Asks: 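Input: one structure, supplied below.
Predicted, not measured: the structure shown is a model, and the values here were computed from it.
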Amino acid sequence: MEHIEAIKEFGGWLNRYRHDSATCHCSMTFSVYLPPQAQTEKVPAIYWLSGLTCTDDNFRVKAGAQRYAAELGLALVIPDTSPRGLDVPDVPERYDLGQGAGFYINATQAPWSQHYQMYDYITRELPALVEAELPLIPGRRSISGHSMGGHGALICALKEPGVYRSVSAFAPICHPMACGWGQGCFKAYLGHDREIWAAYDAARLIEAGAAATPLLIDQGTADEFLAGQLHPMSLERVCTARDFPLTLRWQEGYDHSYHFIATFIGEHLTWHAKALREA
């Protein structure tokens with residue numbers, strides 16, 4: 001784990017690291033914000049998963065989360081959205097497939113399967129690495145994300161019951177089997193069997209009986225991707241049918257951008273902090 005950057009913010013440190021991933025078979029970069037409390041004690045962590053086209057840099061620069069994390073005593077672990085490198089498959093003419101579009105799943109189809117193992121990277125390799133090397137409380141994690149990363153946060157929490165103390169999302173892709181982004185990536189990464197896709201679809205996981213995990217979702221009413229790609233109403237319907245604990249907050253006039261995330265990130269981190277403090 002190579003330490004490649006350190007920036008002091010709000011009494012803590014925003015660090016960037018590079019390591020050779022045994023899961024994704026390439027060099028991976030991620031950022032970690034350690035609040036000032038980490039200088040004297042171990043702290044819990046929130047994993048943030050970003051959306052299509054993003055790297056770890058988008059959230060750490062645009063969301064304004066570090067100020068709240070410093071006040072609340074939370075670490076922020078911010079991975080990349082996909083494997084990268086000259087040897088990693090890509091479709092340069094598309095923003096919604098390949099590098100920058102890992103979709104937080106384990107690919108099974110060539111040429112993607114060698115590198116695109118983002119689900120195992122996020123849920124297993126990365127937490128093991130950062131908890132071993134940094135002053136984090138082992139196993140005390142929450143998870144959040146935006147858009148494709150919101151989809152990732154939801155499926156990680158639903159598929160790994162008990163691993164995350166809380167989960168939230170901003171404008172997540174709630175039913176990827178029903179939208180162009182999800183269908184394009186799932187077909188390429190997983191093949192044509194839609195029942196295999198269902199293992200990475202939040203609405204289908206809840207419908208199939210996933211353990212109840214309280215979900216906090218903020219969705220802007222002016223989001224340009226709301227109608228065609230995100231499908232929060234599909235998630236709301238299956239949650240209602242199963243009496244699944246969902247808090248879906250409609251935020252009037254907000255779009256899909258980081259202006260939206262920055263407005264409500266403090267409320268999300270406060271919600272996570274409460275869950276992370278509970279015994």
Asks: Side-chain contact, heavy-atom cut-off 4.5 Å: H256 with L230?
Replies: yes
Asks: Is the F260-F170 ring centre distance short of 6.0 angstrom?
Replies: yes
Asks: Taking all non-hydrogen atoms of both residues into account, name the closest pair between P172 and I217 and its distance.
Replies: CD-CG2, 3.6 Å
Asks: May I ask you to check whether R237 and T240 show a side-chain donor-acceptor distance below 3.5 Å?
Replies: no
Asks: Are the ring centres of H19 and Y121 closer than 6.0 Å?
Replies: yes
Asks: Does W13 share a hydrophobic cluster with V77, counting links as ILVMFWY side-chain heavy atoms below 4.5 Å and allowing steps through other members?
Replies: no
Asks: Give the C-alpha distance, both sets of side-chain angles, the deciding distance and a yes or no for side chain to side chain donor-acceptor pair (under 3.5 Å) between Q251 and T221.
Replies: CA-CA 6 Å; Q251 304 295 358; T221 61; over 6 Å; no
Asks: For a 4.5 angstrom cut-off between non-hydrogen side-chain atoms, does L136 reach K42?
Replies: no
Asks: I'd like to know if the side chain of D201 and the backbone of M177 have a donor-acceptor N/O pair within less than 3.5 Å.
Replies: yes
Asks: Taking it one step at a time, do Y164 and C156 satisfy side-chain contact (heavy atoms from CB on, under 4.5 Å)?
Replies: CA-CA 8 Å; Y164 302 98; C156 287; 4.0 Å; yes
Asks: Less than 4.0 Å between a side-chain N and a carboxylate O, is that true for E5 and R18?
Replies: no
Asks: Answer whether the closest heavy-atom distance between the side chains of F244 and L158 falls below 4.5 Å.
Replies: yes
Asks: Do L76 and V167 sit in one hydrophobic cluster, given that two such residues count as connected whenever their side-chain heavy atoms are within less than 4.5 Å of each other, even indirectly?
Replies: no
Asks: Under 3.5 Å, side chain of K159 to main-chain N/O of A199, donor-acceptor pair present?
Replies: yes
Asks: Aromatic ring centroids of Y258 and H146 under 6.0 Å?
Replies: yes
Asks: Aromatic rings F186 and F103: how do their planes relate, parallel, tilted or perpendicular, breaks at 30° and 60°?
Replies: perpendicular
Asks: For R124 and E160, run salt bridge (Lys or Arg N to Asp or Glu O under 4.0 Å): C-alpha distance rounded to whole Å, both residues' side-chain angles, the deciding distance at 0.1 Å, then the answer.
Replies: CA-CA 11 Å; R124 290 169 175 78; E160 305 287 337; 3.2 Å; yes
Asks: Do P89 and Y116 have side chains that approach each other closer than 4.5 Å (heavy atoms only, starting at C-beta)?
Replies: yes
Asks: Should I261 and L226 be regarded as members of a common hydrophobic cluster, given that ILVMFWY residues are connected when their side-chain heavy atoms come within less than 4.5 Å of each other, either directly or indirectly?
Replies: no
Asks: For E2, look at atom CD and say whether over 12 heavy atoms of other residues, nucleotides or ligands are found less than 6.0 Å away.
Replies: yes
Asks: Salt-bridge test for R140 and E131: reply yes if a basic N is under 4.0 Å from a carboxylate O, no otherwise.
Replies: no
Asks: How close do S257 and D255 get, heavy atom to heavy atom, and via which atoms?
Replies: OG-OD1, 2.7 Å
Asks: With a 4.5 Å cut-off on side-chain heavy atoms, are W181 and P176 touching?
Replies: no
Asks: Excluding sequence neighbours, so at least two apart, what forms ring-ring contact (aromatic ring centres under 6.0 Å, His included) with W271?
Replies: none
Asks: First locate atom OH of Y200, then atom SG of C185, and finally report the distance between them rounded to the nearest 0.5 Å.
Replies: 13.5 Å
Asks: Tell me whether I173 shares a hydrophobic cluster with Y254, the cluster being built from Ile, Leu, Val, Met, Phe, Trp, Tyr side chains joined at under 4.5 Å.
Replies: no
Asks: Other residues, nucleotides and ligands only: do more than 12 of their heavy atoms fall within 6.0 Å of NZ on K187?
Replies: no
Asks: Can you see which heavy atom on P79 is nearest to which on L126, and at what distance?
Replies: CB-CD2, 3.7 Å
Asks: Could you walk me through whether D218 and H268 satisfy the side chain to side chain donor-acceptor pair (under 3.5 Å) test, starting with their C-alpha distance in whole Å, then the side-chain angles of each, then the deciding distance to 0.1 Å, before giving a yes or no?
Replies: CA-CA 9 Å; D218 274 338; H268 280 239; 2.9 Å; yes
Asks: Y104 side chain to T81 main-chain N or O, any donor-acceptor pair under 3.5 Å?
Replies: no
Asks: Could you tell me if the side chain of P35 sits less than 4.5 Å from the side chain of F10, heavy atoms only?
Replies: no
Asks: Shortest non-hydrogen contact from V238 to A203?
Replies: CG2-O, 3.8 Å
Asks: Do you know which two heavy atoms are closest between S144 and A169, and how far apart they sit?
Replies: OG-N, 4.2 Å
Asks: Do Y47 and L14 share a hydrophobic cluster (ILVMFWY, side-chain heavy atoms under 4.5 Å, transitive)?
Replies: no
Asks: NE2 of H3: more than 12 outside heavy atoms within 6.0 angstrom?
Replies: yes
Asks: Just by distance, do the side chain of N58 and the backbone of T55 share a donor-acceptor pair under 3.5 Å?
Replies: yes
Asks: Is M118 close to I105 at the side-chain level, that is, under 4.5 Å between some pair of heavy atoms?
Replies: no
Asks: What heavy-atom pair brings M148 and G51 nearest, and what distance separates the two atoms?
Replies: CE-C, 3.8 Å
Asks: Would you say R67 has more than 12 foreign heavy atoms packed within less than 6.0 Å of its CZ?
Replies: no
Asks: List the atom pairs, with distances to 0.1 Å, where a side-chain N or O of residues 25-34 and a protein N or O form a donor-acceptor pair under 3.5 Å, not counting sequence neighbours.
Replies:
residue, atom, partner, partner atom, Å
H25, ND1, T23, O, 3.4
H25, ND1, Q114, O, 2.9
H25, NE2, A22, O, 3.4
S31, OG, D56, OD2, 2.5
S31, OG, R60, NH1, 3.3
Y33, OH, E9, O, 2.7

Asks: So Y68 and L74, do their side chains get closer than 4.5 Å, heavy atoms only?
Replies: no
